[in-house]
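These notes concern the structure reproduced below.
Small disclaimer: the values here were computed from a predicted structure and weren't measured.
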Protein chains: 2
Amino acid sequence: MVTIYDIAQKVGTTHATVSRALRNDQRISAKTRARIQAVAKRLNYRPNVLARGLSGGRTQALGVLWDFAPYMPSGEMARRIATDAQKRGVVPYIADTTRNIEVILGMLHEFANRGVDGVVVQISGSIEVNRELTESLRQFRAAMLVTREELDIEMDQVVHDRMRAVQQAADCFIQSGRTRPGMAIPLSTTAKKLSTFVEEVRHCGLDVPPEAILDIGTEEQVGRHCYELLRSRFPDGRVPFDSLFCSADEIAIAAISWLKTMRIRVPEDVAVIGFNDSEGGRFFDPPLASVDRKDQQVSEAIDRMIHQRLEHPDLPVRREVIEMEFVRRRSAG
Amino acid sequence: MVTIYDIAQKVGTTHATVSRALRNDQRISAKTRARIQAVAKRLNYRPNVLARGLSGGRTQALGVLWDFAPYMPSGEMARRIATDAQKRGVVPYIADTTRNIEVILGMLHEFANRGVDGVVVQISGSIEVNRELTESLRQFRAAMLVTREELDIEMDQVVHDRMRAVQQAADCFIQSGRTRPGMAIPLSTTAKKLSTFVEEVRHCGLDVPPEAILDIGTEEQVGRHCYELLRSRFPDGRVPFDSLFCSADEIAIAAISWLKTMRIRVPEDVAVIGFNDSEGGRFFDPPLASVDRKDQQVSEAIDRMIHQRLEHPDLPVRREVIEMEFVRRRSAG
DNA sequence: GTGAAAGCGCTAACAT
DNA sequence: ATGTTAGCGCTTTCAC
């Protein structure tokens, strides 16, 4: 392992000068700087991140705290963030929030302990951003929240907004004359998605009756779960809804599959909308209406904002809103 | 931030004793150990990973190098590894191999530099495990390869084997009397998957003619790509295959969708098999035959083996084979 | 513009 | 069984 001492010796100076030169400190004469950097490159020098972090420098590490619920394609987001970071020479630590504030605080402590330059925290479900959390976040050079709706907090935010898309989905049902909307959703964690839909429906003078709400649970295999639920709950095929809003395409596809076996036509008898706009849905019969999460735009925004914050610590706090997009297809009526 | 000095002072001893006591060094009397650990807990002490790593200790960090090809649900694997690690109090760094040996070597250097306790490297596509790579891997306390087939290397391996499943897929076509098998696959990276299929087909006296091979490319939206490819290549619906093996369910679903528009029946006229056994496929019409990757078993094996290696450095080298499983459904004929 | 020296929080060899 | 001391590789005052 090559150290700054090795370089100093080769160049005939001290490690302090090398340290400065390598970080392009303008006080070091351009000439020595160039010489030192050349030697560093020749020796294939790589700064020891542990030492650098320990003495207060940057670690080129990022802490990512994401909600890795198994019923969501959330791993793909982790991948996006990781590959974006890698392009900047940054390596991300990745951990699961488990939608638990205590876990989040613990991991932030852990990240701080590891000297990460910045953190990205997804605020999902019922996590409340309290004082303790913001305090904890402020210790980092850069901290970014990825939220579901704009939070009134002095902190960089990427708002991953589903509101408008969900409203459009509801309107779509209404416009095609549906009067008994239903939902298939993991109740415990999608309170927000649910309530936006319900609110919009109510706003149009309708309601989502309790018997038309299917709680899918939060495990893997949401599709199978939905199918079983429908089968056991409506053995005769008489369903209490004429439209069904699902929190994932897999759920929607399973539901449609069951409806077909019951000779219930989609969308004529029951309109169905999924979520996440997965590739499979587009080619389903009927093509599945869904919501495009715009994940790539979200990861780009995260990458850009974290990077800017690190480069310009004094920039004013920023919020960037990425709106998911309702994709109307035949299944929605 | 609480340090071992703080604890030492509180307990009335030196930092060295605290350091030992906290790592349960048996030379420290049970009594002092207990006292020190109690105080540490009370003060909510957390060892500084950077300092610990710098002086040669463990960092409870894991380096994960995975092939994050955008046309694969590989992010889900990252998530699995991350959540498994988290349960052990380990935090993973996650990076993309980009299927490039230079990148892998660079990242391993980076991981070493960060003092990770162990690394997990997925060997995919055409990566060759050469001497330089094995050398680099040996510097870690624990190093594990996740390979596609058993590699004759003295190193812990989880073999994620697709061979048998692909053979079964081929046999399935043959048994249902197909004579003109085709494939839809990203050619550049799935040489192996391809050749296993081709070999098995040949073994049965048939062949996969070049015109029956669709190169899907390696970008996102493989389904859409496949659809467009079929449409432009066979505008009249006359296809040179009576069965189609696809490297992802999305591709298979898109293909079936196109076949339907051409009034080609699945599986009667063309049998189709996908890959990854995604939830959507099961509920497709016809239900999509596919290959279950057994990802959970793979992540469990990785977690277990890495952990064991760290706890017992002298264990003999081990290999664990996880076989993917062919899932026969109606689309396969 | 550069060097000397202290210190980040920990581990471990060497004392006692 | 515990204390002393010397690093680990870097950043950062403080001198000159």
Side-chain angles (χ1 to χ4, degrees), chain A residues 1-37 39-40 43-61 109-117 139 141 310, chain B residues 1-37 39-40 43-61 109-117 139 141 310:
Chain A
M1 163 164 279
V2 184
T3 72
I4 51 175
Y5 292 94
D6 299 330
I7 299 178
Q9 197 171 19
K10 270 261 177 325
V11 176
T13 178
T14 59
H15 74 280
T17 305
V18 174
S19 170
R20 292 182 183 115
L22 289 178
R23 275 167 306 115
N24 241 320
D25 191 320
Q26 299 297 328
R27 290 171 306 186
I28 305 297
S29 76
K31 219 179 83 189
T32 10
R33 241 186 304 153
R35 233 191 37 255
I36 289 174
Q37 288 173 358
V39 173
L43 296 183
N44 195 20
Y45 165 79
R46 303 263 216 129
N48 181 313
V49 172
L50 299 170
R52 188 176 260 190
L54 187 57
S55 55
R58 297 230 191 142
T59 53
Q60 305 290 67
H109 197 151
E110 190 67 49
F111 285 154
N113 192 296
R114 289 164 190 272
V116 302
D117 295 335
Q139 74 191 295
R141 287 193 171 84
L310 286 170
Chain B
M1 163 164 281
V2 185
T3 73
I4 50 175
Y5 292 95
D6 300 329
I7 299 178
Q9 196 172 17
K10 270 260 179 322
V11 176
T13 178
T14 62
H15 76 281
T17 305
V18 173
S19 170
R20 292 182 185 115
L22 289 178
R23 277 170 301 120
N24 242 319
D25 191 319
Q26 299 297 329
R27 291 171 306 185
I28 305 297
S29 77
K31 219 179 86 189
T32 4
R33 242 185 303 152
R35 230 182 53 245
I36 290 174
Q37 288 174 357
V39 173
L43 297 183
N44 195 20
Y45 166 79
R46 302 265 216 129
N48 181 313
V49 172
L50 299 170
R52 189 177 259 189
L54 187 56
S55 54
R58 297 229 191 142
T59 54
Q60 305 289 65
H109 197 152
E110 190 66 49
F111 285 154
N113 192 294
R114 289 165 190 273
V116 303
D117 296 333
Q139 75 190 293
R141 288 194 171 83
L310 285 171

remark   = To the nearest 10 degrees, the angle between the two end axes of the helix from C:dG1-D:dC16 to C:dT16-D:dA1 (five pairs per end) comes to 40°
Residue pairs passing the side chain to side chain donor-acceptor pair (under 3.5 Å) test where at least one lies in residues 43-57 of chain B, sequence neighbours excluded = A:E110-B:R46
Which distance, rounded to the nearest 0.5 Å, do you find between the [atom1] of [X] and the [atom2] of [Y]?
X     : Y      : atom1 : atom2 : answer
B:Q60 : B:D117 : CD    : CG    : 6.0 Å
B:T59 : B:L54  : OG1   : CG    : 12.0 Å
B:N24 : B:R33  : CG    : CZ    : 5.5 Å
B:L22 : B:T17  : CG    : OG1   : 10.5 Å
A:I36 : A:T32  : CD1   : OG1   : 6.0 Å
B:T14 : B:I7   : OG1   : CD1   : 12.5 Å

Return the minimal non-hydrogen interatomic distance between [X] and [Y], and the atom names on each side.
X      : Y      : answer
B:A112 : B:Q139 : CB-OE1, 3.2 Å
A:R141 : A:G56  : NH2-O, 3.0 Å
A:I4   : A:S19  : CD1-CB, 4.3 Å

ask   = Does any pair with a residue in residues 1-31 of chain B pass ring-ring contact (aromatic ring centres under 6.0 Å, His included), and if so which ones, sequence neighbours excluded?
value = B:Y5-B:H15
message = Of all nucleotides in DNA chain D that come within under 4.0 Å of a heavy atom of chain A, which is furthest toward the 5' end and which toward the 3' end?
response = D:dG9 to D:dC14
task = Taking salt bridge (charged side-chain N to carboxylate O under 4.0 Å, His left out) as the test, write out the residues that go with A:R58, two or more places apart.
result = A:E311
query = side chain to side chain donor-acceptor pair (under 3.5 Å) with B:Q9: which residues, sequence neighbours excluded?
reply = none
message = I'd like to check the side chain to side chain donor-acceptor pair (under 3.5 Å) partners of A:Q37; sequence neighbours left out, ordered by chain and number.
response = none
request  = Any salt bridge (charged side-chain N to carboxylate O under 4.0 Å, His left out) involving residues 4-25 of chain B? Give me the pairs, sequence neighbours left out, ordered by first then second residue.
outcome  = B:D25-B:R27
ask   = Going by number, which of residues 48-58 of chain A have a non-hydrogen atom under 4.0 Å from DNA chain D?
value = A:N48, A:A51, A:R52, A:S55
Those residues of residues 19-33 of chain A lying under 4.0 Å from DNA chain D by at least one heavy atom = A:S19, A:R20, A:R23
request  = Could you list by number each residue of residues 9-18 of chain A showing a heavy-atom separation from DNA chain C of less than 4.0 Å, or answer none if no residue does?
outcome  = A:T13, A:T14, A:H15, A:A16, A:T17
ask   = Does any non-hydrogen side-chain atom of B:V11 lie less than 4.5 Å from one of B:V18?
value = no
task = Using chain A heavy atoms and a threshold of under 4.0 Å, write down where along DNA chain C the contacts begin and end, 5' to 3'.
result = C:dG1 to C:dG9
